[in-house]
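Count residues from 1 along the sequence.
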Amino acid sequence: MTSIKLKRSAVALAATAGAFLTVIGSAASASALDLRYYAVAPGVRLNVRSGPGTSYNIVRVLAEGAKVPIYCQTPGTTVTGPYGTSNIWDNIDNGEFVSDAYVQTGSDGYIAPRCG
């Protein structure tokens, strides 16, 4: 009898764990689906910097036609680009920023949470 109860408990535990992982996986997928990408200005190879300003090091250069996610935004050096003059910098990856003046967000203001 004890071995049957243990087997049933193990099956119940496995089913619960599987359901939990399915829910977690679905939440992660939903977050990934909610992430929007924005176009960099046409014909521009955009410098990606290590911080929100032109005095920060260039860590890479985006190719023409690139699209970028914006995880958060923060004020920094004022830059003039194809989409106006702005001091908003977009965080596109861990420790990587681009001037919002070069990203077509459809707004002159913040469209993402402020970086913490």
Can I get a per-line list of side-chain donor-acceptor pairs under 3.5 Å for residues 75-88, giving both atom names and the distance, sequence neighbours left out?
from : atom 1 : to  : atom 2 : distance (Å)
T77  : OG1    : T54 : N      : 3.3
T80  : OG1    : T85 : OG1    : 2.8
S86  : OG     : I88 : N      : 2.9

Only distances under 3.5 Å count here; give the side-chain donor-acceptor pairs of residues 98-106 to other protein atoms, sequence neighbours excluded, each with its distance to 0.1 Å.
from : atom 1 : to   : atom 2 : distance (Å)
S99  : OG     : A101 : N      : 3.2
D100 : OD1    : Q73  : NE2    : 3.4
T105 : OG1    : S107 : N      : 3.3
T105 : OG1    : S107 : O      : 3.1

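- Side-chain contact check for V48 versus I92: some heavy-atom pair is nearer than 4.5 Å.
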Is there a side chain to side chain contact (heavy atoms under 4.5 Å, CB included) between Y38 and I70? Walk through the geometry before answering. CA-CA 8 Å; Y38 299 87; I70 299 176; 3.6 Å; yes

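- Contact check for L35 versus Y71: side-chain heavy atoms found under the 4.5 Å cut-off.
- For residues 78-116, the set of pairs meeting the disulfide (SG to SG under 2.5 Å) definition, not counting sequence neighbours, comprises C72-C115.
- For residues 104-116, no residue pair satisfies the salt bridge (charged side-chain N to carboxylate O under 4.0 Å, His left out) rule, not counting sequence neighbours.
- In this structure a side-chain-to-backbone donor-acceptor pair under 3.5 Å is present from N91 to D93.
- Note: the hydrophobic cluster containing W89 also contains V44 (ILVMFWY, side chain heavy atoms under 4.5 Å, direct or indirect links).
- R60 is linked by a salt bridge (charged side-chain N to carboxylate O under 4.0 Å, His left out) to E96, counting only residues two or more places apart in sequence or in another chain.
- To the nearest 0.5 Å, the span separating CG on L46 from CD1 on I58 amounts to 9.5 Å.
- Residue pairs meeting the salt bridge (charged side-chain N to carboxylate O under 4.0 Å, His left out) criterion with at least one member in residues 42-56, sequence neighbours excluded, do not occur.
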